[in-house]
Amino acid sequence: MTSPSIHGRDGSNDTLPTNHVTDELLAAYAAGNLSEAQSLLVATHSALCPECRAAIAEFEAVGASFLEEIAPESMRAGSLDSVLARLDQEEMPANNVVQHPSSYSAPDRQIGEVLLPQPLRGYVGSDLRDVTWRPVIRGLEEAELKVSGPEFNVRLIKVAAGAAMPQHSHQGEELTLVLTGAYQDGSGRFARGDVQIADGDVDHQPTAEPDEACVCLIITDAPIKLTGRLGRLLNPFIRY
Ligand SMILES: [Zn+2]
C-alpha cells in the first residue's frame with residue numbers, strides 16, 4: 001500500500017532538489033565552457049533548482065567583472081584581435097543551443113502529468129509521450145538524444161515503477177537527473193530535479209519507487225560496467 005506521490009505532479013508543489021550539480025559544473029556552465037551534453041544537464045537541473053540558478057548568475061557576474069578587469073591590460077597594440085578571437089570562442093560555444101535558465105519566458109508546459117523542463121524540449125520533442133522508447137531489459141527502456149560531440153552518451157531512461165536497474169559500476173562519470181518519479185540506491189533517494197554523480201567508486205542498483213515510473217536524463221562518458229552475477233555476462237551487450 002502506498003500513499004499518493006506529492007512530487008512533480010503539477011509543478012506547483014514540487015519539492016526543491018536536494019542533490020545538486022557541482023560548483024565546478026555551474027562555473028563552467030556560466031563561462032560557456034561545457035560540452036553540449038553537460039550543458040543540457042546543468043540547464044535542465046537549474047530550470048528546476050532556484051539555488052543553482054542563483055549560483056550561475058553569481059558566477060556570470062564574477063566572470064563579467066573579471067573580463068572588465070583584464071580587458072585594459074589586454075588592449076596593448078596587436079592584442080585586440082586575439083582578445084576578440086578568444087571572446088568569440090568563449091561566448092559562442094557549441095552548447096549555445098541550450099538556453100540559459102534566466103532567459104526562459106514561457107512557463108513550463110504541462111505534459112501529461114509531468115512538467116518537462118524547457119531546456120529538454122528541443123531534444124525530446126513536444127511531449128514525453130512522443131518519445132520512442134527502446135526496451136533494454138524488463139522494466140527498463142531508453143531513448144538516445146542527439147547531442148553534438150562524441151564524448152558523451154546522452155539518453156532518457158524510464159524505469160518501471162518498483163523496477164531495479166541492473167547492479168553496475170562506472171568506467172567513467174555518470175550524471176543522472178531525475179525528471180519524474182524517484183529512485184533509491186544505497187546512497188540515498190533521488191527525486192525530480194535531483195542529480196546524482198557517480199564514478200568508478202560507485203557500485204549501485206538504482207530502484208524506482210513503487211508508485212510511479214522514474215524517468216531520468218543520463219549522460220555518461222564511458223560505458224557502465226555491470227557487476228551483478230548475471231550482469232557480468234551481459235557486459236559485451238551494453239552500449240553505455
Ligand atoms: Zn541545484
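Counting starts at 1 for both ligands and their atoms, in listed order. Hydrogens, waters and symmetry mates are skipped; everything else that's a heavy atom, side chains included, is used.
Under the 3.5 Å distance criterion, with hydrogens and angles disregarded, a donor-acceptor pair is assigned to the side chains of E36 and Y123.
For the pair D185 (side chain) and G188 (backbone), a donor-acceptor distance under 3.5 Å is present. Of the possible polar contacts, none joining the H204 side chain to the H168 backbone as a donor-acceptor pair under 3.5 Å is found.
For the Zn ion (ligand 1), the count of nearby protein N/O/S atoms, taking only those under 2.8 Å, is 4.
Between L41 and L217 the shortest heavy-atom distance is CA-CD2, 4.0 Å.
Counting heavy atoms from C-beta on, the side chains of L177 and L175 never come closer than 4.5 Å.
Qualifying ring-ring contact (aromatic ring centres under 6.0 Å, His included) partners for F152, counting only residues two or more places apart in sequence or in other chains: none.
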